[in-house]
Amino acid sequence: MINKVVSGAKEAIDDVSDGATLMLGGFGLCGIPENCINALVEKGVKDLTCISNNAGVDDFGIGLMLKQRQVKKMISSYVGENAEFERQLLSGELEVDLIPQGTLATRCLAAGYGMPAIFTPAGVGTEVAEGKEIRNFGGKDYLMEYAFDADFAIVKAWKGDTAGNLIFRSTSRNFNPVMAMAGKITIAEVEELVEAGELDPDYIHTPGIYVHRIFQGKDYEKRIEQRTVRKSGV
Amino acid sequence: MFTKEEIAQRIAQEIKDGYYVNLGIGIPTLVANYIPKGINVVLQSENGLLGMGPFPFEGEEDADLINAGKQTITTLPGSSIFDSAMSFGMMRAQKVDLTILGAMEVSENGDIANWKIPGKMVKGMGGAMDLVASAKNIIVAMQHVNKAGESKLLSKCTLPLTGVKCIKKIVTELAVLDILPEGGFKLLERAPGVSVDFIKQSTAGRLIAEGDIPEMRLD
């Protein structure tokens with residue numbers, strides 16, 4: 001079996017060049033590839049198109065790349081938590097394609113399943129439908145949406161092995177498995193990297209065939225956006 | 001007139017035993033606090049969880065376990081976790097029984113606008129467009145009038161649409177209304193102390209008020 005292990009984030013993203021299209025996993029700040037984002041910030045690569053459900057916050061996640069003006073275009077469903085993003089968008093510095101969340105996920109899925117397009121009712125009759133082909137099935141209208149075409153998919157998993165198999169933890173799974181399937185080159189950073197054979201094949205979420213590079217991540221901050229708790233004993 | 005909590009409490013009465021329910025952000029989130037005793041409901045969070053539980057106890061927060069509002073939450077016995085594509089797949093396939101969400105405007109033919117104010121707010125639609133396009137039953141929790149006293153129940157939405165002809169029921173601080181298949185807001189119940197005339201004045205779209213309109217009751 002091919003050994004897909006690289007030394008770290010710097011090596012993993014070394015061939016990401018200006019103008020590349022990247023998919024970045026995560027929902028809010030949950031399950032984002034922190035190590036690779038930091039390495040992309042350090043590398044200073046620019047004119048990127050980023051496909052990611054959200055755009056981080058001002059000082060964490062994709063927000064760090066926005067601050068350095070590395071992003072030319074964002075393709076996201078919700079960007080409400082980032083003031084710098086909103087400023088760049090309203091001033092016209094940043095191109096933004098806001099698309100429904102299910103459409104975003106399913107366009108990733110289509111790419112990973114080798115399907116050129118999907119049909120979804122999301123956005124019919126709204127500005128999202130402008131310029132798109134509409135087909136009627138069983139009396140209901142659907143929009144044709146194309147599979148994504150991304151140079152790199154960058155995801156974060158809980159556990160991974162040297163063959164590239166991935167297991168995600170809790171709701172940090174979110175977009176990570178569908179994006180992992182969708183990149184021409186998929187890079188996975190994991191909290192715990194083990195030898196092939198140590199993970200039970202029955203419990204693999206993403207088969208290693210989809211993953212080209214994997215590395216043991218470090219120093220995870222795992223920031224919480226909205227810390228909500230209840231009092232004990234209530 | 002109803003408070004936000006009372007709107008949530010009234011909507012909770014619409015939830016039936018065995019329902020899978022998706023709750024949006026804002027007033028809809030509060031509905032979880034009022035689910036009637038003895039009713040089994042599974043809450044779906046569109047970031048990839050069925051069986052959403054309450055907030056964790058202090059010190060037990062898990063950064064990997066959040067809801068669609070990015071709040072720390074817990075799972076319950078019987079919970080399951082899945083990816084975002086499957087999450088929207090189960091909505092599209094109408095496996096989720098009821099969706100409760102907020103709105104900025106609703107029109108008398110069931111159109112909804114809740115994601116964008118041109119030139120002002122550009123947060124995005126998140127999962128709202130997918131939800132309204134696919135859900136078999138949607139209840140909107142919203143304010144009947146804005147802070148300036150202008151109606152948000154209109155003959156036609158003025159803001160960019162989230163979905164068309166998809167809303168069937170609305171609960172506001174003033175009233176419970178159905179949207180008729182042929183169009184129009186049919187007044188079903190009024191909030192305590194609110195007159196039918198006041199609801200008429202507060203509704204810019206076509207209001208249909210026939211016979212005696214009872215007061216909303218919270219059990």
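The figures here come from the full heavy-atom set of this structure, side chains too, leaving out hydrogens, waters and symmetry mates. Reminder, nothing fancy here: chain letters follow the sequence lines and each chain counts from 1.
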Go through the steps to decide whether B:Asp62 and A:Arg169 satisfy the test salt bridge (Lys or Arg N to Asp or Glu O under 4.0 Å), and finish with yes or no. CA-CA 11 Å; B:Asp62 179 349; A:Arg169 182 176 176 275; 2.6 Å; yes
Give the interface residues of residues 128-145 of chain A toward chain B, defined by a heavy-atom separation under 4.5 Å.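 Near chain B, by residue number: A:Val128, A:Lys140.
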Which residues share a ring pair (Phe, Tyr, Trp, His ring centres under 6.0 Å) with A:Tyr203, sequence neighbours left out: none
Partners passing ring pair (Phe, Tyr, Trp, His ring centres under 6.0 Å) against B:Tyr19 (at least two apart in sequence or in another chain): none
May I have the step-by-step check of salt bridge (Lys or Arg N to Asp or Glu O under 4.0 Å) for B:Lys116 and A:Glu127, ending in yes or no? CA-CA 11 Å; B:Lys116 185 181 185 182; A:Glu127 63 182 55; 2.8 Å; yes
Spacing of CG belonging to B:Leu49 relative to CG belonging to A:Asn174, to within rounding of 0.5 Å: 12.0 Å
Measuring from atom CD of A:Gln226 to atom CG of B:Asn67, what distance do you get when rounded to the nearest 0.5 angstrom?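 The CG atom of B:Asn67 is 9.0 Å from CD of A:Gln226, to the nearest 0.5 Å.
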Does any backbone or side-chain atom of [X] lie under 4.5 Å from a heavy atom of chain A? Answer side chain, backbone, both or neither.
X	result
B:Glu60	neither
B:Phe88	side chain
B:Thr162	backbone

Enumerate the salt bridge (Lys or Arg N to Asp or Glu O under 4.0 Å) contacts for residues 80-100 of chain B, please, sequence neighbours excluded, ordered by first and then second residue.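 Qualifying pairs, neighbours excluded: B:Asp97-B:Lys136.
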side-chain contact (heavy atoms from CB on, under 4.5 Å) between A:Glu225 and B:Gln71, worked out: CA-CA 7 Å; A:Glu225 238 169 294; B:Gln71 297 170 312; over 6 Å; no
Quick one: do A:Ser170 and B:Ile81 satisfy side-chain contact (heavy atoms from CB on, under 4.5 Å)? Show the steps, please. CA-CA 6 Å; A:Ser170 201; B:Ile81 305 269; 4.1 Å; yes
With a cut-off of under 6.0 Å to the ring centre and 45° to the axis, is A:Arg173 in cation-pi contact with B:Phe82? no
For the pair A:Leu29 and B:Lys70, evaluate side-chain contact (heavy atoms from CB on, under 4.5 Å) and give the outcome as yes or no after the intermediate values. CA-CA 8 Å; A:Leu29 301 178; B:Lys70 284 102 179 178; over 6 Å; no
Do A:Thr126 and B:Met129 pass the side-chain contact (heavy atoms from CB on, under 4.5 Å) test, and can you show the C-alpha distance, the side-chain angles, and the key distance before you say yes or no? CA-CA 9 Å; A:Thr126 75; B:Met129 283 194 183; 3.7 Å; yes
Is there a side-chain contact between A:Leu98 and B:Trp115 (heavy atoms, below 4.5 Å)?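 Yes - at least one pair of side-chain heavy atoms lies under 4.5 Å apart.
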